[in-house]
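Here the structure comes first, spelled out in structure tokens, and everything after it is commentary.
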Protein chains: 2
Amino acid sequence: MNVVDVADPADPRLDDFRDLNSVDRRPDLPTGKGLVIAEGVLVVQRMLASRFTPRAMMGTDRRLAELAADLDGVDAPYYRVSAEVMADVVGFHLNRGVLASASRPGELTLTQVLAGARTIAVLEGVNDHENLGSIFRNAAGLDVDAVVFGAGCADPLYRRAVRVSMGHALLVPYAWASDWPCDLYLLRDNGFRLLAMTPDPAARTVADAMTAVAHERVAILVGAEGPGLTKRAMAASDLRLRIPMSRGTDSLNVATAAALAFYERARLNP
Amino acid sequence: MNVVDVADPADPRLDDFRDLNSVDRRPDLPTGKGLVIAEGVLVVQRMLASRFTPRAMMGTDRRLAELAADLDGVDAPYYRVSAEVMADVVGFHLNRGVLASASRPGELTLTQVLAGARTIAVLEGVNDHENLGSIFRNAAGLDVDAVVFGAGCADPLYRRAVRVSMGHALLVPYAWASDWPCDLYLLRDNGFRLLAMTPDPAARTVADAMTAVAHERVAILVGAEGPGLTKRAMAASDLRLRIPMSRGTDSLNVATAAALAFYERARLNP
């Protein structure tokens, strides 16, 4: 445990956490997308358990006490600051009381995340960080092994996505498709049945479809709220499934719809 | 259809829509909680179909064209403005292009919302407007007939809640319990089985519990994210149910957990 007291908000050692609301805080870094930031005790704990190695932490003495056991053997410095210094550095009052920063390691490959996976989520056009974060949280809780990104998805390591995911964006393995939608055929070659979510009333119900594929590897394809999956992704899929909806309502939130499909998959594969 | 062109952003006829980000915009009104505001074509259409009668609308010419059929026979004025005037009045750029305002009618009573209902959601301590909005959207899509508020819930008519609900906060009947948690016994007297959601691993699975009560009236009790239901609400309930979770994860978002329970209820009561 490497605790360093810092009293000056202008101290350059706190730069990882400066002006957090700015979209790309560290364009000087190789990826130009900024560092990965974990907020709050629970998410910092999940970062410590993940492949994202903290560079630095900044937090109050109270949060340090809560994290003490987790920080055993951790080299990265914990900059201990007052709540006032913290607010001054990040640019707003942050009531979670502790932050950790990590560089972006290399992305995992599709082959890496498929190894051993029984159920995966495949996202296309999900460009809202909050929905993306929710999907990771739902994947973690409802037994989805990995997430694959097709075209048009937002960055799952963006601060808001990591926060809404409760840190599961750091733990659930994910990979970017390099050739979309052709990589869907790669999934099929790996034995995955491709299940496309759609509001189309002609599709099979999610319960019916999940029963039909209960003993197979499954990829659950989810498109953007509104437009849904593209025609090409839909055409590549094996089965189309829908959530039975009441009162002529149009659709559920994309992360909620995904959660219902994940739930059905897990229910039929206990 | 009552279209009135307005070019001056200071025109007092636009006051219902002024400075929308202020928390209580119209403390002069009887409830002191501000007007009910619908944003966007879809939500304005839902307001027009609801018990909330628009006082006024403000929007662009393009949105007027999209709403023309819905405005047939509607007395409230549609103040037609440019996008610039609109942004000036509301205080930020609002890309949904149309707003409607409504006064708050009297609240429905518990007896009113229970009449004819087979499945209701009962919320306790859900004080986040976004979660509240999501719960209404999920209730509408997944065949929940009404929502009952116990202690500690936020205002479902707050602008953000209405927006996230996609307008379903205006359509799904709801009532406030006047005597909490004693009103739970009133629900039971009306033949409702009280099902309490909990992360407790000792509870029955949601599938198991919903199967057991498939032919009865059901009230699904959901507590705040984090603390969950209070001991008193838990003690008053008939059955405790949980969503099977993977990887030792703690919990799902409260609106997502509710959606899974609503889904199971609907699946077993098609």
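Chain A is the first sequence line, chain B the second, and so forth, proteins listed ahead of strands; every chain is numbered from 1. As the structure is a computational prediction, the values presented were derived from the model and not from experiment. Excluded from the calculations below are hydrogen atoms, water molecules and symmetry mates; all remaining heavy atoms, backbone and side chain alike, are included.
Here the OH atom belonging to B:Tyr263 is positioned 12.0 Å from the CE atom belonging to A:Met245, to the nearest 0.5 angstrom. The line from CZ of A:Arg267 to CZ of B:Arg267 is 3.0 Å long, rounded to the nearest 0.5 Å. For the atom pair A:Asn253 CG and B:Met166 CE, the distance stands at 9.5 Å (nearest 0.5 Å).
Of all residues spanning residues 123-134 of chain B, those with a heavy atom less than 4.5 Å away from chain A's heavy atoms are B:Glu130, arranged by number. Among residues 200-223 of chain A, the residues having any heavy atom closer than 4.5 Å to a heavy atom of chain B are, in sequence order, A:Val206, A:Ala207.
Proximity of a side-chain donor or acceptor of A:Thr256 to a complementary backbone N or O of B:Thr256 within less than 3.5 Å is not detected.
Every residue two or more places apart in sequence or in another chain was checked for a ring pair (Phe, Tyr, Trp, His ring centres under 6.0 Å) with B:Phe192, and none qualifies. Legend: residues meeting salt bridge (charged side-chain N to carboxylate O under 4.0 Å, His left out) with B:Arg63, ordered by chain and number and at least two apart, are B:Glu66.
At a threshold of 4.5 Å between non-hydrogen side-chain atoms, the residues A:Leu142 and B:Ile243 count as touching.
Within a 6.0 Å radius of CZ in B:Arg62, no more than 12 heavy atoms belonging to other residues, nucleotides or ligands are found.
Taking every heavy atom of both residues into account, A:Ala140 and B:Ser246 meet most closely at O-OG, 2.7 Å.
Heavy atoms of A:Ala259 lying under 4.5 Å from chain B belong to its backbone as well as its side chain.
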